Amino acid sequence: MGALEVGQCWLDVADVFAAGVKRVLLYGPPGTGKTYAGLRLAVTGVAERLVCTEDLTSGEITGTWMPVGNGRWEWREGPAIRAWHHNEVGGRLVIDEVDRASGDALSTLLAVTDTQESARWRNPETGAWVRPGPEFSVVMTTNVEDLHYLPSALRDRFPVAIRIDRPHPSALLTLSEDLRAPAMSASLAEEARRLSLRQFYAFDTLRSSLGSERAASLVFGPEAQSGVLDALAIGSL
Ligand SMILES: Nc1ncnc2c1ncn2[C@@H]1O[C@H](COP(=O)(O)OP(=O)(O)O)[C@@H](O)[C@H]1O
Ligand SMILES: [Mg+2]
């Protein structure tokens with residue numbers, strides 16, 4: 001397969017979205033474009049994003065009461081419910097680093113990602129029961145390699161899981177041409193030697209003002225620096 005070919009994983013992602021699948025789990029090494037894909041691919045309207053941490057609360061998912069002055073409180077919908085209702089039909093919810101969700105937040109995620117037929121939630125302000133719109137879709141992402149580390153109930157909400165093993169070709173195209181092939185191969189390396197797209201973006205920016213050597217030492221560090229500079233020198237021959 002040529003260095004910049006799209007890769008089966010991204011073809012799978014495109015086909016799954018095109019087929020109308022509304023619950024997709026993207027997993028694998030960081031920095032390949034999983035979140036970007038969740039926010040951009042097959043999205044109608046606006047995508048809402050949730051980043052899971054150990055401290056994520058249920059209120060940050062479905063909404064919280066906010067003080068609005070004079071002792072009054074108003075209900076502010078959280079990203080999941082906004083995505084349920086976006087444009088009346090539902091939009092995209094991206095749930096990042098989903099392996100970190102726990103406790104209350106996890107049960108709330110289970111509730112908001114349930115199938116369209118089963119999911120419902122009661123608005124505490126109006127008392128009304130609401131459901132996700134028909135176009136509501138969820139992309140979950142995680143850097144874990146073994147899906148057994150995900151809570152099984154959450155895993156089960158997402159029958160389609162695609163391991164993303166290479167950067168999206170459009171992501172590589174935003175790099176200067178000479179960096180594309182090295183960035184692709186460095187991001188496919190085993191974990192200890194892997195370099196991320198973000199590092200190459202930073203290198204690309206820095207080298208124009210600081211020169212390649214200094215930029216490489218700042219971004220890639222002493223161990224990886226010479227490997228990258230060698231790859232660039234070979235590419236330019
Ligand atoms: N298709 C794309 N086009 C342009 N830039 C992209 C694309 N996919 C990813 N990127 C960029 O590459 C970097 C890593 O992408 P990200 O989605 O955060 O990776 P991941 O979620 O897999 O860790 C980000 O800076 C992002 O903006
Ligand atoms: Mg991500």
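For clarity, every value in this text was computed on a predicted model and none was experimentally measured. Remember, it's 1-based here, ligands and their atoms both numbered in the order they're listed.
- Under the 30°/60° scheme for interplanar angles, the aromatic rings of Trp121 and Trp84 are found to stand perpendicular.
- Nearest non-hydrogen protein atom to atom 23 (O) of ligand 1 is Gly31 N, 2.7 Å.
- Remark: distances from the non-hydrogen atoms of Leu197 to ligand 1 include one below 4.0 Å.
- Listed by number with element, the atoms of ligand 1 under 4.0 angstrom from any heavy atom of His168 are 1 (N).
- Distance alone, capped at 3.5 Å, places no donor-acceptor pair between the Thr62 side chain and the Gly59 backbone.
- The two residues Leu39 and Arg49 make their nearest non-hydrogen contact at CD2-CB, 4.1 Å.
- The closest donor-acceptor contact from the side chain of Arg92 to the backbone of Gly38 lies under 3.5 Å.
- For ligand 1, none of its N or O atoms has an N or O atom of Ala37 under 3.5 Å away.
- Using a cutoff of 4.0 Å between basic side-chain nitrogens and carboxylate oxygens, Arg82 and Glu48 are scored as salt-bridged.
- Here Tyr36 fails the criterion, with no N, O or S atom under 2.8 Å of the Mg ion (ligand 2).
- Every atom of ligand 1 is numbered from 1 in the order shown, and the set under 4.0 Å from a heavy atom of Pro30 is 23 (O).
- The nearest protein atom to atom 19 (O) of ligand 1, hydrogens excluded, is given as Gly33 N, 3.0 Å; this is a heavy-atom distance.
- The side chain to side chain contact (heavy atoms under 4.5 Å, CB included) with Leu25 is formed by just one residue from the set Leu150, Val160, Leu154, Val139; it is Leu150.
- Across Tyr36, Tyr201, Phe200, heavy-atom proximity to atom 2 (C) of ligand 1 is greatest for Tyr36.
- In this structure, Thr142 OG1 and Tyr27 OH are separated by 10.5 Å, a value rounded to the nearest 0.5 Å.
- Those atoms of ligand 1 that come under 4.0 Å of a heavy atom in Ala171, given as number and element, are 1 (N), 2 (C), 3 (N), 4 (C), 5 (N), 6 (C), 7 (C), 8 (N), 9 (C), 10 (N).
- In the hydrophobic clustering of ILVMFWY residues, with side-chain heavy atoms under 4.5 Å counting as a link, Tyr36 and Leu41 come out apart.
- In this structure, the protein non-hydrogen atom closest to atom 18 (O) of ligand 1 is Arg198 NH2, 2.5 Å.
- Atoms of ligand 1 lying under 4.0 Å from any heavy atom of Lys34, numbered from 1 in the order shown and given with element: 17 (O), 19 (O), 20 (P), 21 (O), 22 (O), 23 (O).
- Close contacts between ligand 1 and Thr32 involve ligand atoms 19 (O), 20 (P), 22 (O) [criterion: under 4.0 Å to a heavy atom].
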